[in-house]
Structures are given as C-alpha cells and as structure tokens.
Amino acid sequence: MDKKIHIQELIQARNLASQDECAKFENALSALWGKLEADDLDDVLKAFSDETADDELMFSLVHLVEQNDGDEYLRKIALLTPEMDGAREWAKMLNRRILNSESHSERYRKIIGTLGDSQKEKITALLDALA
C-alpha cells in the first residue's frame with residue numbers, strides 16, 4: 001500500500017477516540033515503520049493532535065518521526081512544528097527531544113540559524129515556550 005494512504009489513515013484516526021481509530025492508527029504506524037523520509041513530514045505531522053484520547057499511542061508517532069535524523073529532518077522540524085496549531089504540545093515535545101539530544105542539539109541550532117527571519121522567529125517563539 002502507498003505511504004500516502006497510510007499517512008492519511010494516521011491523520012483520520014489521530015483523535016484515537018475509539019478502538020477502531022486506535023487499531024487503524026497502529027496499523028498505519030506499522031506499515032510506515034522504517035519507510036518515512038524527511039519529505040513525508042509535511043503530512044505526517046498533521047497526524048498529531050493535542051485532543052488525542054491516547055497519549056501513549058500518539059507517542060508512538062514521535063518514535064516514527066524520530067527515525068529520520070539527518071539535517072533535512074531537523075530543517076523540516078524547525079519549519080513545520082511552529083505550524084502545528086492543533087498539536088502545540090506535541091510540537092514542543094518534538095523540539096524538546098531534539099534539544100535534549102547530544103547528537104542533534106548543536107546541529108539543530110545551526111540549522112535554525114540558517115532559516116529566514118520569519119521562519120526563525122516562529123521556531124524561536126515555539127522554543128521560548130519550552131522554557
């Protein structure tokens with residue numbers, strides 16, 4: 001099955017309000033495991049929701065996203081997480097985990113430094129909310 005279909009399943013089931021949504025979410029996670037690329041993050045991050053009924057299952061999505069760890073992944077996180085309006089807490093979580101990672105923190109700060117002023121302002125505001 002196509003990655004886009006599984007990503008759509010994650011998005012549609014993101015509230016995890018029923019056993020059916022949880023099963024669909026878990027199946028989509030399993031199908032995507034090891035197959036995501038940084039370019040997929042534009043859509044995958046839409047699957048996070050602060051309204052989720054199952055934080056533990058939603059946290060599995062954090063692990064799926066973190067399978068990417070290159071500079072393009074970090075750049076996408078810096079650009080996209082400030083736009084996660086319905087998932088601000090998850091956006092903060094993703095950034096907190098990067099900043100607390102010895103292997104990612106310094107690279108992430110350098111990447112943020114290369115962003116345009118508007119983009120830099122948005123990610124800085126999100127990072128300030130972590131303090």
Side-chain angles (χ1 to χ4, degrees):
M1 208 179 248
D2 185 72
K3 274 197 295 188
K4 295 275 186 204
I5 293 170
H6 293 303
I7 292 169
Q8 279 307 116
E9 290 170 344
L10 287 175
I11 294 168
Q12 291 168 354
R14 71 182 170 266
N15 288 332
L16 304 171
S18 68
Q19 286 183 327
D20 185 51
E21 282 186 346
C22 290
K24 286 180 182 177
F25 197 87
E26 283 182 304
N27 289 337
L29 282 172
S30 294
L32 291 166
W33 201 260
K35 296 177 181 140
L36 281 189
E37 299 168 9
D39 287 341
D40 298 319
L41 293 178
D42 294 300
D43 293 323
V44 171
L45 294 182
K46 295 174 186 171
F48 283 100
S49 172
D50 287 337
E51 300 300 319
T52 187
D54 190 333
D55 285 341
E56 187 174 326
L57 183 52
M58 183 62 68
F59 200 83
S60 298
L61 185 57
V62 171
H63 293 295
L64 180 72
V65 167
E66 289 178 338
Q67 287 181 348
N68 291 279
D69 68 355
D71 287 355
E72 185 58 22
Y73 156 73
L74 295 173
R75 186 179 150 320
K76 288 278 192 171
I77 293 294
L79 293 172
L80 298 172
T81 54
E83 307 300 327
M84 292 172 61
D85 293 331
R88 289 304 270 178
E89 295 307 312
W90 293 104
K92 289 186 222 176
M93 169 78 68
L94 288 166
N95 279 278
R96 186 177 296 115
R97 289 173 60 86
I98 290 169
L99 293 171
N100 287 332
S101 165
E102 285 185 32
S103 63
H104 291 97
S105 182
E106 185 62 31
R107 283 188 311 159
Y108 194 51
R109 292 173 198 277
K110 286 179 183 176
I111 288 168
I112 290 170
T114 68
L115 300 177
D117 290 341
S118 174
Q119 297 161 326
K120 199 181 302 183
E121 191 174 302
K122 289 178 185 179
I123 189 62
T124 300
L126 180 63
L127 297 178
D128 286 346
L130 296 178

Run the side-chain donor-acceptor check on residues 53-64: report pairs under 3.5 Å with partners two or more places apart or on a different chain.
from	atom 1	to	atom 2	distance (Å)
D54	OD1	E56	N	3.3
D54	OD1	L57	N	2.9
S60	OG	L57	O	3.3

Side chains of residues 25-39: which donor-acceptor partners sit under 3.5 Å, not counting sequence neighbours?
from	atom 1	to	atom 2	distance (Å)
N27	ND2	A23	O	3.2
S30	OG	E26	O	3.2
K35	NZ	A31	O	3.1

Starting from the C-alpha separation in whole Å, work towards a yes-or-no answer on side chain to side chain contact (heavy atoms under 4.5 Å, CB included) for I112 and L127. CA-CA 11 Å; I112 290 170; L127 297 178; 3.8 Å; yes

After noting the C-alpha distance and the side-chain angles of I123 and I77, does the key distance pass the side chain to side chain contact (heavy atoms under 4.5 Å, CB included) rule? CA-CA 9 Å; I123 189 62; I77 293 294; 5.9 Å; no

Can you check salt bridge (Lys or Arg N to Asp or Glu O under 4.0 Å) on R88 and D50, steps first, answer last? CA-CA 7 Å; R88 289 304 270 178; D50 287 337; over 6 Å; no

Kindly determine whether E21 and R14 satisfy salt bridge (Lys or Arg N to Asp or Glu O under 4.0 Å), including the steps that lead there. CA-CA 8 Å; E21 282 186 346; R14 71 182 170 266; over 6 Å; no

CA sep, side-chain torsions, deciding dist, call: N15, T52, side chain to side chain contact (heavy atoms under 4.5 Å, CB included): CA-CA 4 Å; N15 288 332; T52 187; 5.7 Å; no

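Between the side chain of K120 and the backbone N or O of G113, at least one donor-acceptor pair lies under 3.5 Å. Under a 3.5 Å cut-off, the side chain of Q119 and the backbone N or O of G116 do form a donor-acceptor pair.
Atom CD1 of I11 sits about 9.0 Å away from atom NZ of K4, to the nearest 0.5 Å. Here the OG-CH2 distance, from S49 to W90, works out to 9.5 Å after rounding to the nearest 0.5 Å. Atom-to-atom distance recorded for E83:CD and L45:CG is 11.0 Å, nearest 0.5 angstrom. If you take CD on E72 and CG on L74, they are separated by 9.5 Å, rounding to the nearest 0.5 Å. Put simply, CG on L16 and CD on E51 are 12.0 Å apart, with the number rounded to the nearest 0.5 Å. Note: K46 NZ to L10 CG = 13.0 Å, rounded to the nearest 0.5 Å.
For D117, the CG atom counts as loosely surrounded, since its 6.0 Å shell holds 12 or fewer non-hydrogen atoms of other residues, nucleotides or ligands. With a 6.0 Å radius and a threshold of 12 heavy atoms from other residues, nucleotides or ligands, E121 has its CD atom at or below the threshold.
A donor-acceptor pair shorter than 3.5 Å can be found between the side chains of T81 and N95.
Contacts classified as salt bridge (charged side-chain N to carboxylate O under 4.0 Å, His left out) and involving residues 92-101 (residues at least two apart or in different chains) are given here: E66-R97, E89-K92.
Summarising the geometry of Y73 relative to L41, their closest heavy-atom pair is CD1-CD1, 3.6 Å, with the distance given to 0.1 Å.
Using a cut-off of 4.0 Å between Lys/Arg side-chain N and Asp/Glu carboxylate O, D20 and K24 are scored as salt-bridged.
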